[in-house]
Trainee: 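Below is the structure I would like to discuss, written out as structure tokens.
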Amino acid sequence: FWEMHDILFQRQKEWSESGNPKRYLKEYAKIIGINVDRFIFDMESDKVKKVVDSQYNEAIKLGLPGTPSFVVDGKKIDFNLFVKENLIKNIEE
């Protein structure tokens, strides 16, 4: 997970602006040494698509702007405000 996570963020401009991001995803799978055939199978499976679509729809319903986003007890947390009110305040005290 973390290896793919890291390469996706490191090379976000490359794949996100591509007309064919799947090509890059396959390349990244090879680079990090995972089974490319299984990766593609999982990525194209209806079961995985349903999970992703469900989570995406829930995020839209909650009005989440992107990642990272946080929800606690069904309430959206403004991350920047949380940091300002809780972390920076505690550092200054």
Side-chain angles (χ1 to χ4, degrees):
F1 171 83
W2 288 112
E3 290 168 317
M4 182 60 86
H5 167 277
D6 292 346
I7 200 166
L8 287 173
F9 277 98
Q10 290 166 359
R11 299 185 179 190
Q12 185 170 4
K13 187 168 180 64
E14 179 180 67
W15 62 264
S16 68
E17 295 177 0
S18 167
N20 182 15
K22 188 186 292 186
R23 180 189 94 178
Y24 291 100
L25 299 178
K26 286 170 63 173
E27 178 185 326
Y28 304 157
K30 284 180 194 173
I31 290 170
I32 64 173
I34 64 176
N35 181 319
V36 176
D37 292 332
R38 179 60 195 225
F39 175 75
I40 296 300
F41 175 83
D42 289 341
M43 187 171 59
E44 294 177 347
S45 79
D46 288 337
K47 182 177 180 180
V48 171
K49 286 178 185 177
K50 285 179 184 176
V51 170
V52 171
D53 287 345
S54 173
Q55 292 177 354
Y56 173 79
N57 291 331
E58 183 177 359
I60 294 298
K61 237 180 9 183
L62 292 168
L64 302 179
T67 55
S69 292
F70 301 92
V71 177
V72 177
D73 293 329
K75 181 180 175 189
K76 182 172 70 169
I77 304 299
D78 180 320
F79 183 71
N80 292 325
L81 183 60
F82 176 83
V83 168
K84 182 178 179 183
E85 291 179 348
N86 294 284
L87 302 179
I88 294 174
K89 180 180 166 185
N90 290 339
I91 292 171
E92 292 173 351
E93 292 178 348

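Only heavy atoms go into these numbers, but all of them, side chains included; no hydrogens, no water, no symmetry mates.
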Trainee: Search all heavy atoms of Leu64 against all heavy atoms of Val71 and return the closest pair with its distance.
Mentor: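 Closest heavy-atom pair between Leu64 and Val71: CD2-CG2, 3.8 Å.
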Trainee: Quick test of your reading of the model: are Lys50 and Asp46 salt-bridged, counting only N-O distances below 4.0 Å?
Mentor: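 Here Lys50 does not pair with Asp46 in a salt bridge, since their nearest N and O are not under 4.0 Å apart.
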Trainee: Do Phe70 and Phe82 have side-chain heavy atoms sitting under 4.5 Å apart?
Mentor: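 They are not in side-chain contact.
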Trainee: To the nearest 0.5 Å, what is the distance between CG (Asn35) and CZ (Phe41)?
Mentor: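 Interatomic distance, Asn35 CG to Phe41 CZ, rounded to 0.5 Å: 11.5 Å.
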Trainee: Return the CD1 to CD1 distance between Ile31 and Ile7, rounded to the nearest 0.5 Å.
Mentor: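 So the gap between those two atoms works out to 4.0 Å.
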Trainee: At their closest point, which heavy atom of Leu8 faces which heavy atom of Trp15, and how far apart are they?
Mentor: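 Result for this residue pair: O-NE1, 2.9 Å.
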Trainee: Keeping to residues at least two apart or across chains, list the salt bridge (Lys or Arg N to Asp or Glu O under 4.0 Å) pairs with something in residues 56-81.
Mentor: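 Passing the test, one end in residues 56-81: no pairs.
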Trainee: Below 30° counts as parallel, above 60° as perpendicular, anything between as tilted: where do the rings of Trp2 and His5 land?
Mentor: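 Perpendicular, since the angle between the ring planes exceeds 60°.
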Trainee: Pick out which of Met43, Lys49, Lys47 makes a side-chain contact (heavy atoms from CB on, under 4.5 Å) with Ser45.
Mentor: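 Exactly one candidate clears the test, Lys47.
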Trainee: How about Ile40 and Leu25: do any of their side-chain heavy atoms sit closer than 4.5 Å?
Mentor: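 No; the side chains remain at least 4.5 Å from each other.
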Trainee: Which heavy atom of Ala29 sits nearest a heavy atom of Val36, and at what distance?
Mentor: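 Result for this residue pair: CB-CG2, 4.0 Å.
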Trainee: Pairs in or reaching into residues 6-26: which pass salt bridge (Lys or Arg N to Asp or Glu O under 4.0 Å), with residues at least two apart or in two chains?
Mentor: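 Listed once each, the pairs are Arg11-Glu27, Lys13-Glu17, Lys22-Glu44.
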Trainee: Quick one: are Met4 and Ile34 in side-chain contact, heavy atoms under 4.5 Å?
Mentor: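 A side-chain contact under 4.5 Å exists here.
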